[in-house]
Amino acid sequence: MATIALDKKKLEENYRFLKSLLTEHNIQMGVVSKLLCGEDTFLKELINLGIREIHDSRVSNLKKIKEIDPSIQTVYIKPPAKNAITPLVKYADVSFNTEYTTIQLLSQEAQRQGKVHKVFIMIEMGDLREGVMGEDVIDFYESIFRLPNIEVIGVGTNLNCLHGVMPSQDKLIQLGLYKQLIEANFDRKIPWVSGGSSVTIPLIFRSQLPQNVNHFRVGEMLFFGNDLFSGDAVEGLHTDVLKLHAQIIELTQKPKVPVGELGKNPSGDQFQIKEEDYGQESYRAILDVGLLDASPEFLLPEDDNLELSGASSDMLVIDLGENTQQYKVGDYLTFDLKYMGALSLFNSDYIDKKVLS
């Protein structure tokens, strides 16, 4: 069975780096755990780091976090579905919201459960995913402030996750101005301005982060250590906290060009033949991982001499060239991962999960 492995030491070092960086700038960090898909072993590793606020997009994952440590502040980070309100109020201390009718249901359920449910109101800043439109913010907050058992603790925005709109100094200054406008209009204190996810952190390195931003949701940079503006590794962070190890189940020298009439494969792709490949052969390895587990575009072979040839539902084909490394059946090939590749692998029941001490 293929394995996704988490390096415990490297994760801890990344966390300490980010915690120190954000604390230095008076920013509170919530760690986003959705990548781990509710895997108990890995959630425990996060909590053991000393993290006190964990964000996720699945109520079932927040339930597991509360079962491990009820003192963790759990945050649901997408607008809630109406049929999830009861468990959400039970297992999420905080939720991100954009719809009055949903917050009204949260209010009613919080009364039934004898709780005060905290909310961030997300404001649309250009990426066109979730968020209240700017011209509606004042009226929206006025209606929310009337609801019992609801505590508005912050404004927030989400950037880069849908259309790739990047965070900027101007956008985050505007977010802070919304907070000030709400406080002035309603004589209410809004403690938190949640300026975004890992993609916003590079603004700190560029001295472009407005001082009003005091809360981040950090996931991708914690696990992958990359500057999401440049794509380069951040100095001081590990980029290989997570790796995939997949076993070779066949290794044979074969032609580089398929034999027979070519149609589309089950994925809807049609193989394009390179003229220089006619008459050529190479060693091809089949691995015990496939599209059901992760898309090949998110898998990066640790051995630069390897080339991904393609994948079917449960097998990945690697071109080994002349196989100068002398790989054989039973050997494991190792891959670094992009975020979406790791997310798919964690979500696959067919991939073993392991923590490396």
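Values reported hereafter were calculated over all heavy atoms of this structure, with side chains retained and with hydrogens, waters and symmetry mates removed. Owing to the predicted nature of the structure, the values given are computational and were not obtained by experimental measurement. In this chain, residues are counted from 1 in sequence order.
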Legend entry - Candidate pair Lys243 and Asp7, rule salt bridge (Lys or Arg N to Asp or Glu O under 4.0 Å), full reasoning: CA-CA 8 Å; Lys243 286 182 179 289; Asp7 189 306; over 6 Å; no
Legend entry - More than 12 heavy atoms of other groups within 6.0 Å of Glu99 CD: no
Inset, instruction - Establish, from distance only, whether the side-chain atoms of Ser168 and Asp170 form a donor-acceptor pair under 3.5 Å. - result: no
Legend entry - Other residues, nucleotides, ligands: >12 heavy atoms within 6.0 Å of Lys63 NZ: no
Inset, instruction - Find out if a path of hydrophobic residues (ILVMFWY) with successive side-chain heavy-atom gaps under 4.5 Å connects Ile248 to Ile4. - result: yes
Inset, instruction - Say whether Met122 and Phe216 are linked into one hydrophobic cluster, either directly or through other cluster members, by side-chain heavy-atom distances under 4.5 angstrom. - result: no
Inset, instruction - Evaluate the side-chain contact (heavy atoms from CB on, under 4.5 Å) criterion for residues Ser282 and Leu320: first the C-alpha distance (whole Å), next the side-chain angles of each, then the deciding distance (0.1 Å), finally the verdict. - result: CA-CA 7 Å; Ser282 65; Leu320 303 178; over 6 Å; no
Legend entry - Gln270, CD: over 12 other non-hydrogen atoms inside 6.0 angstrom: yes
Inset, instruction - Look up atom CD in Glu67 and atom CG in Asp40, then write down how far apart they are to the nearest 0.5 Å. - result: 8.0 Å
Legend entry - Minimum-distance pair of heavy atoms, taken over all atoms of Ser95 and Leu106: OG-CD1, 3.7 Å
Inset, instruction - Assess the side chains of Asp314 and Tyr350: does a donor N or O sit below 3.5 Å from an acceptor N or O? - result: no
Legend entry - Intermediate values then yes/no, side-chain contact (heavy atoms from CB on, under 4.5 Å), Ile27 and Leu209: CA-CA 11 Å; Ile27 298 169; Leu209 185 73; 3.4 Å; yes
Legend entry - ILVMFWY cluster, Phe229 and Leu237 together (side-chain gap under 4.5 Å): yes
Inset, instruction - Measure the CG-CZ distance between Leu62 and Arg58 for me, rounded to the nearest 0.5 Å. - result: 11.0 Å
Inset, instruction - Is it possible for you to say whether Ile47 and Val218 belong to one hydrophobic cluster, with membership spreading through side-chain heavy-atom contacts below 4.5 Å? - result: yes
Inset, instruction - Can you measure from OG1 (Thr98) to NZ (Lys78) and round to the nearest 0.5 angstrom? - result: 12.0 Å
Inset, instruction - Any chance you could measure Leu300, atom CG, to Phe298, atom CZ, to the nearest 0.5 Å? - result: 10.5 Å
Inset, instruction - Start with the C-alpha distance between Glu12 and Lys8, add both sets of side-chain angles, then the distance that settles salt bridge (Lys or Arg N to Asp or Glu O under 4.0 Å), and finish with yes or no. - result: CA-CA 6 Å; Glu12 181 177 1; Lys8 181 177 179 178; over 6 Å; no
Inset, instruction - Look at the aromatic rings of His55 and Phe96 and report parallel, tilted or perpendicular, splitting at 30° and 60°. - result: perpendicular
Legend entry - Side chain proximity check, Leu308 to Ile318, heavy atoms < 4.5 angstrom: yes
Legend entry - Side-chain touch Ser198/Leu222, heavy atoms, less than 4.5 angstrom: no
Inset, instruction - Please assess Asp303 against Tyr327 for the test side chain to side chain donor-acceptor pair (under 3.5 Å), listing each intermediate value before the final yes or no. - result: CA-CA 11 Å; Asp303 185 340; Tyr327 290 118; 2.7 Å; yes
Legend entry - Residue pair Asp56 / Ser33: nearest heavy atoms and the distance that separates them: OD2-OG, 2.6 Å
Legend entry - Test: Arg146 and Glu142 ion pair at under 4.0 Å: yes
Legend entry - Ion pair Asp69/Arg52, N-O distance below 4.0 Å: yes
Legend entry - Any pair counted as salt bridge (Lys or Arg N to Asp or Glu O under 4.0 Å), so long as it reaches residues 218-236, sequence neighbours left out: Arg206-Asp227
Inset, instruction - Apply the side-chain contact (heavy atoms from CB on, under 4.5 Å) test between Met221 and each candidate in Val234, Val199, Thr239, Asn14; give the one that qualifies. - result: Val234
Legend entry - Aromatic contact, Phe42 with Phe346 (centres under 6.0 Å): yes
Legend entry - Side-chain H-bond candidate by donor/acceptor type, Glu297 with Ser295, under 3.5 Å: yes
Legend entry - Single-linkage hydrophobic cluster, 4.5 Å side-chain cutoff, Leu316 and Leu242 together: yes
Inset, instruction - Assess the side chains of Ser107 and Asn149: does a donor N or O sit below 3.5 Å from an acceptor N or O? - result: no
Inset, instruction - To the nearest 0.5 Å, tell me how far Leu287 CG sits from Leu251 CG. - result: 9.5 Å
